[in-house]
Novice: 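Below is a structure I'd like to ask you about.
One is the number of the first residue; the rest follow in order along the sequence.
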Amino acid sequence: MTSNPPQSDHLLAIFSAARAAHLTNPMPSAELRRERLSRLETALLKYEPELVAAMNTDFRHRSEADSSIFDITVPLGDIRRNRRSVKHWMKPRKVGVPLHLKPARGRIIPQPKGVVGVISPWNFPVYLAIAPIAAALAAGNRVMLKPSELTPKTSEVMARMIADTFEPTEVSVCIGGVELSQEFSNLPFDHLFFTGSTRVGREVAIAAARNLTPVTLELGGKSPAIIGEHASIDYSARRIAFGKVANAGQICVAPDYVLLPRNQVEAFATAMETAVHNFFPDGPQSPDYTGIVNDNHLNRLRELVADAKTAGAEVRELLPNNTEHAKGKMTPTLVLNPPKDSRIMREEIFGPVLPLITYDSPEEARDFVNSRPSPLALYVFSDGRQERDFWLNGTLSGGACVNETAFHVVADTMPFGGVGESGMGSYHGKAGFDQLSHLKSVLIQPKLNGAFAFNPPAGGFNKFVGKVLRKIV
């Protein structure tokens, strides 16, 4: 789809209509917000078979169970939690005021921002579109969605689903390629929500800055898994294996590399191989094993492995590499001690390839993590409390798990987001509602008050008041 003025005009027309509709009801009632969320839930359940089939086509193979759990069940939880809680979240919040402002009272009023733009990625094409939409609707906003062009069948079904469920001024879907994404980012949204790579996230932030549009950037990076000295190797390997092979590693919070004591490499590699074989006894052709989204991504993964091998790293494939029966898939692969300046250690992997990096002391491992951009997630495996605290307090990451991988994403009672190059802003649950609301501060002053003490002209009484204030503020 090529970019041209009519395309820009079309997007602007959709945005302008949504903005005008918002201004007719800038503070939707709790009942209306809940009704919109109920419509979204009903639509997701109605279109589930079509969405699951579309994702299977887009990924060249994706199991029905994975698509149903990750892209339907998980966002249903987001929708339902928002619907249960929105009436409470949107109430004015009482806050205290300083002593010198009493008897005034403070309130924070969560107010819809207006029209929220959502740019969603391809790796969880339904979940990562629906979850931000649910947060935006709970906050009382209108939404425009730009889904990924890399999962076109899924995007097309979502567009029909949304058109069948909402008025265009409530929620709309804009389908197109990179050019449309650029035009979309240039719209003067009241908030722009982007999930994707750090590289594209920078471009989105620059485009949004031209309109002073606030952004939430859910990016990625190289999330480390740390095997502590007090960790169970078999247990750690199973949980890391899950985080690395789920969706074929195409997850922004997938463990990107493992740091482990030098004397535990072989034990961990063996445990990983056992875990992966237990997950997929039929190898990559297993019906539960997801394909790589397209040949460009598959070739890039193979290049990362080949580059590391050329540089001296040892490569171990954990399942038979049967290309005849597993077309479009990549076997889970360990890369032992790749050079720290190799491509595989510079780029986010986003696939079922896992480098193993050895360390001789916890301080050495921590310095390695801290010398790199702050990751979206950090995974600590240890049964020792002091060792856990060493990592949790001594590193900066968007989120973290102890003795687990990835599951913090679906704990919607906690904010989820990145820091630094892994993103800005957070969402899920109340954090998403607050992120997509304007939290307006309101000072309520009764007529009988002491504000006269600050009135001009300046005199002895004002100076006296100033001296008193110095002691009580």
Novice: When you measure from the centre of the six-membered ring of Tyr235, is the NZ or CZ of Arg238 under 6.0 Å away and within 45° of the axis?
Specialist: no
Novice: Without hydrogens or angle criteria, can the side chains of Gln435 and Thr216 be said to hold a donor-acceptor pair below 3.5 Å?
Specialist: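 Judged by distance alone, the side chains do pair up.
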Novice: Answer with yes or no whether the side chains of Arg39 and Thr165 bring together a donor and an acceptor at under 3.5 Å.
Specialist: no
Novice: Going by distance alone, is a donor N or O of one side chain under 3.5 Å from an acceptor N or O of the other, for Glu48 and Ser68?
Specialist: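 A pair is found: one side chain offers a donor N or O, the other an acceptor, under 3.5 Å apart.
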Novice: Run the salt-bridge test on Arg84 and Glu41 with the 4.0 Å N-O cut-off and return the result as yes or no.
Specialist: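 No, this pair does not count.
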Novice: Let me confirm one number: the CG-CD distance from Leu301 to Gln250, rounded to the nearest 0.5 Å.
Specialist: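 It comes to 7.5 Å.
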Novice: Are any side-chain N or O atoms of Asn403 and backbone N or O atoms of Ser382, one a donor and one an acceptor, separated by less than 3.5 Å?
Specialist: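 Judged by distance alone, yes, a pair lies under 3.5 Å.
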Novice: Hey, is the main chain of Gly176 close enough, under 3.5 Å, to the side chain of Lys146 for a donor-acceptor pair?
Specialist: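 Yes; judged by distance alone, with no hydrogens or angles, the pair exists.
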Novice: Aromatic rings Tyr257 and Phe368: how do their planes relate, parallel, tilted or perpendicular, breaks at 30° and 60°?
Specialist: perpendicular
Novice: If the threshold is 4.0 Å, N to carboxylate O, is there a salt bridge linking Arg346 and Asp307?
Specialist: no
Novice: Between Phe268 and Phe381, does the ring centre distance come in under 6.0 Å?
Specialist: no
Novice: If we ignore hydrogens and angles and just use 3.5 Å, is the side chain of Thr331 paired with the main-chain N or O of Leu319 as donor and acceptor?
Specialist: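 The answer is yes, because a donor-acceptor pair under 3.5 Å joins these two groups.
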Novice: Please collect all side chain to side chain donor-acceptor pair (under 3.5 Å) contacts where either partner lies in residues 115-131, sequence neighbours excluded, each pair once.
Specialist: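 Qualifying pairs: Tyr127-His428.
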Novice: In this structure, which one of His22, Arg36, Arg142 forms a side-chain hydrogen bond (donor to acceptor under 3.5 Å, both in side chains) with Glu170?
Specialist: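 That would be Arg36.
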Novice: Parallel, tilted or perpendicular: which describes the rings of Phe433 and Trp89, with under 30° parallel and over 60° perpendicular?
Specialist: tilted
Novice: Apply the ring-ring contact (aromatic ring centres under 6.0 Å, His included) test between Phe70 and each candidate in Phe124, Phe407, Phe59; give the one that qualifies.
Specialist: Phe124
Novice: So how far is it from Asn186 CG to Leu12 CG, rounded to the nearest 0.5 Å?
Specialist: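 Spacing of CG (Asn186) from CG (Leu12) equals 11.0 Å.
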Novice: State whether the side chain of Asn141 and the backbone N or O of Gly114 hold a donor-acceptor pair below 3.5 Å, judged by distance alone.
Specialist: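 Here the side-chain-to-backbone pair exists.
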Novice: Excluding sequence neighbours, so at least two apart, what forms salt bridge (charged side-chain N to carboxylate O under 4.0 Å, His left out) with Arg199?
Specialist: Glu203
Novice: Under the 3.5 angstrom rule, does the side chain of Lys329 hit a backbone N or O of Ser286 as a donor-acceptor pair?
Specialist: yes
Novice: Do side-chain atoms of Asn337 reach the backbone of Thr358 as a donor and acceptor pair under 3.5 angstrom?
Specialist: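 Judged by distance alone, yes, a pair lies under 3.5 Å.
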Novice: For Asp58, what residues pass the salt bridge (charged side-chain N to carboxylate O under 4.0 Å, His left out) criterion, not counting sequence neighbours?
Specialist: none
Novice: If you measure from the Lys or Arg side-chain nitrogens to the Asp or Glu carboxylate oxygens, is any gap between Arg160 and Glu50 under 4.0 Å?
Specialist: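 Result for this pair is yes, salt bridge flagged.
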Novice: Once rounded to the nearest 0.5 Å, what's the spacing between atom SG of Cys174 and atom CG of Leu145?
Specialist: 7.5 Å
Novice: Count the heavy atoms belonging to other residues, nucleotides or ligands that lie under 6.0 Å from CD of Glu64, then report whether that count exceeds 12.
Specialist: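 For Glu64, atom CD is not crowded (no more than 12 foreign heavy atoms under 6.0 Å).
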Novice: Say you draw a straight line from NE2 of His191 to OG1 of Thr213; how long is it, rounded to the nearest 0.5 Å?
Specialist: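 So the NE2 of His191 and the OG1 of Thr213 are separated by 9.5 Å.
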Novice: Measuring from atom CG of Asn247 to atom CG of Asp66, what distance do you get when rounded to the nearest 0.5 angstrom?
Specialist: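 Between Asn247 CG and Asp66 CG, I get 7.0 Å after rounding to 0.5 Å.
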Novice: For Arg62, is there any backbone N or O sitting under 3.5 Å from a side-chain donor or acceptor partner on Asn56?
Specialist: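 Here the side-chain-to-backbone pair exists.
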Novice: Run the ring pair (Phe, Tyr, Trp, His ring centres under 6.0 Å) check on Phe194 and Phe184 step by step: do they pass?
Specialist: CA-CA 11 Å; Phe194 170 81; Phe184 191 91; over 10 Å; no
